[in-house]
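A short worksheet on the structure shown next.
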Amino acid sequence: MTEVSFYEYSKLSADEKAALLRRSETDISSFIEKVAPILEAVRTEGDAALARFGRDLDKAAVTEANLKVTEAEFNAAFKLVDDTVIDSIKFGIENIRHFHEEQKPEAMWLKEIRPGAFAGDRFTPIKSVALYVPRGKGSFPSVTMMTSVPAVVAGVPEVAIVTPPAPDGTVDAATLVAARLAGVETVYKVGGAQAVAAVAYGTETVRPALKIVGPGSPWVVAAKRALSGVIDTGLPAGPSEVMILADDTVHGGLAALDLLIEAEHGPDSSAYLVTHSRRVAEEALAALPDHWGKMTEQRVAFSKAVLTGKTGGIVLTSSIEESYAFANAYAPEHLELLSTEPFIHLGHITEAAEILMGTHTPVSIANFSLGPNAVLPTSRWARTFGPLSVTDFVKRSSIGYVTAPAYPEFARHSHNLALYEGFSSHALAVSPLRDTYLKKDA
């Protein structure tokens with residue numbers, strides 16, 4: 001039997017506990033060095049570099065002339081995708097749209113802070129955004145749905161998708177279907193670090209964008225980090241990770257089933273089952289071989305690499321409180337509270353990008369169709385970032401308006417503080433000199 005990594009948390013040293021928090025992308029310094037020449041080539045050579053990297057790195061039949069998906073390719077995609085899949089894409093998009101429409105902030109709000117003085121916020125769409133849709137270990141129309149819908153709901157006027165091409169130079173058909181149904185018609189056949197560079201700098205074909213969002217490989221993460229001074233790189237979304245926090249009210253086989261959901265994404269994923277119940281842990285271990293027997297060979301290989309390696313396995317804690325502590329220290333991308341009474345645990349979790357509760361809410365449903373966004377911060381960034389949302393596609397401007405009757409009091413206090421901080425021009429702007437000019441204009 002494959003030896004799944006198993007840890008008794010209370011028996012681990014401080015260093016061993018810290019090691020459990022590491023992800024595959026924690027140290028991407030080597031990738032930073034490797035992406036540098038790719039980024040520079042795209043900056044200086046444009047489409048020629050994109051086509052060359054498409055052929056050399058993606059092993060795809062792309063040329064400078066076919067980097068952008070055509071209308072004919074969009075139309076053909078609908079004939080290539082089974083109607084049942086199109087129906088499921090429509091179902092997911094409808095739910096995702098409803099969720100994000102509710103999330104959309106008011107265009108503007110103003111509140112009277114004091115009599116005659118008003119302050120508030122105004123929200124306007126970002127002018128141009130690129131959406132990264134990965135493909136290396138599979139096809140992800142779901143990522144297209146999750147990134148495209150909130151961008152369209154936010155009203156972004158220029159939305160483009162960048163995604164790696166297949167060996168024959170095509171884009172995944174379901175991804176094109178999802179893009180069109182979500183309202184996005186611009187798709188470029190470019191992935192990896194070169195895609196990030198393309199939308200950051202722009203090329204003959206690829207229009208530059210102000211921001212890029214979407215999950216990706218360490219190559220994409222490294223490129224985003226290197227170009228963060230050129231383009232807004234959004235929330236940090238890297239390789240998939242999941243934590244199943246199970247109490248003693250569930251069967252371990254169910255916990256094992258959900259543990260495999262994100263583990264199958266690739267060997268760079270992270271996946272832990274955390275439980276204080278030895279029964280649940282042992283049942284999960286016993287069930288894994290049977291679950292693997294029902295999966296495809298590639299996904300078995302990926303999930304086994306994760307669960308037998310250093311970024312996954314089963315963690316047996318000494319108490320539910322210790323489970324909470326580990327979950328909060330880990331700050332997972334996806335967290336399932338696997339319990340028949342999940343709400344009793346919810347208040348104890350403070351650090352997780354997504355919290356899915358109960359025995360009928362597996363990550364699968366959240367990834368594809370529930371509505372909340374499944375593009376989430378990874379590598380413990382859930383401590384400061386939240387899921388992708390409509391607000392990632394809008395910018396906020398503060399609004400202030402002080403009326404003439406309210407002005408004197410604000411001027412007096414501002415004058416006092418300006419003098420204290422040594423800013424003479426600040427003070428002058430709210431001195432009697434202003435009143436002189438206002439009287440002249442009256």
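Quantities reported herein were computed from a predicted structural model and do not represent experimental measurements.
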Could you check whether any side-chain heavy atom of [X] comes within less than 4.5 Å of a side-chain heavy atom of [Y], counting everything from C-beta outward?
X    : Y    : answer
L50  : T203 : yes
P362 : I261 : yes
F140 : H265 : yes
M108 : D121 : no
P134 : S217 : no
Y272 : L20  : yes
N373 : P150 : yes
I212 : V196 : yes

I'd like to know if the side chain of [X] and the backbone of [Y] have a donor-acceptor N/O pair within less than 3.5 Å.
X    : Y    : result
N328 : T350 : yes
R380 : A329 : yes
S228 : R225 : yes
E333 : E241 : yes
Q103 : S389 : no
T163 : V133 : yes
S148 : M145 : no
T311 : S269 : yes
T63  : A65  : yes
R299 : E264 : yes

Nearest-0.5 Å distance, [atom1] of residue [X] to [atom2] of residue [Y]:
X    : Y    : atom1 : atom2 : answer
T359 : L254 : OG1   : CG    : 6.5 Å
L67  : E204 : CG    : CD    : 9.0 Å
L235 : W381 : CG    : CH2   : 11.0 Å
L210 : S128 : CG    : OG    : 3.5 Å
I126 : D392 : CD1   : CG    : 7.5 Å

Item to complete: Assess the pair Y420 and H415: is the distance between their ring centroids shorter than 6.0 Å?
Response: no
Can the ring centres of H345 and Y324 be said to be less than 6.0 Å apart? yes
Distance-only donor-acceptor check, side chains [X] and [Y], under 3.5 Å:
X    : Y    : result
D47  : T205 : yes
T186 : K68  : no
E73  : T70  : yes
T317 : S323 : yes
S240 : E262 : yes

Q | Full working for side-chain contact (heavy atoms from CB on, under 4.5 Å) between I38 and E40 | A | CA-CA 5 Å; I38 296 175; E40 180 60 17; over 6 Å; no
Which of L273, I349, L335, L337 passes side chain to side chain contact (heavy atoms under 4.5 Å, CB included) with M243? It is L335
| task | Run the numbers on D247 and S339 for side-chain hydrogen bond (donor to acceptor under 3.5 Å, both in side chains), then give the verdict. | result | CA-CA 6 Å; D247 64 16; S339 168; 2.5 Å; yes
task = Decide side-chain contact (heavy atoms from CB on, under 4.5 Å) for Y132 and V375; before the verdict, give the C-alpha distance in whole Å, the side-chain angles of both, and the deciding distance to 0.1 Å.
result = CA-CA 11 Å; Y132 189 88; V375 176; over 6 Å; no
>> Could you tell me if K111 sits above the aromatic ring of F118, with its cationic atom closer than 6.0 Å to the ring centre and no more than 45 degrees from the axis?
In response: no
Cationic tip of R23 within the cone over Y330's six-membered ring, i.e. under 6.0 Å and within 45° of the normal?
-> yes
Residues A173 and L80: closest non-hydrogen pair is CB-CB, 4.0 Å
On a heavy-atom basis, the closest approach of A60 and A166 is CB-O, 3.1 Å
Counting only heavy atoms from other residues, nucleotides and ligands, does the tally under 6.0 Å from [atom1] of [X] exceed 12?
X    : atom1 : answer
R207 : CZ    : no
E16  : CD    : yes
E102 : CD    : no
H426 : NE2   : no

key: SB check R52 E64 (cutoff 4.0 Å)   = no
ask   = What do the steps show when you test F393 against K211 for side-chain contact (heavy atoms from CB on, under 4.5 Å), and what is the final call?
value = CA-CA 9 Å; F393 297 97; K211 186 172 186 174; 5.9 Å; no
F326 and K17: CA distance, side-chain angles, deciding distance, side-chain contact (heavy atoms from CB on, under 4.5 Å) verdict: CA-CA 9 Å; F326 178 55; K17 289 178 179 177; over 6 Å; no
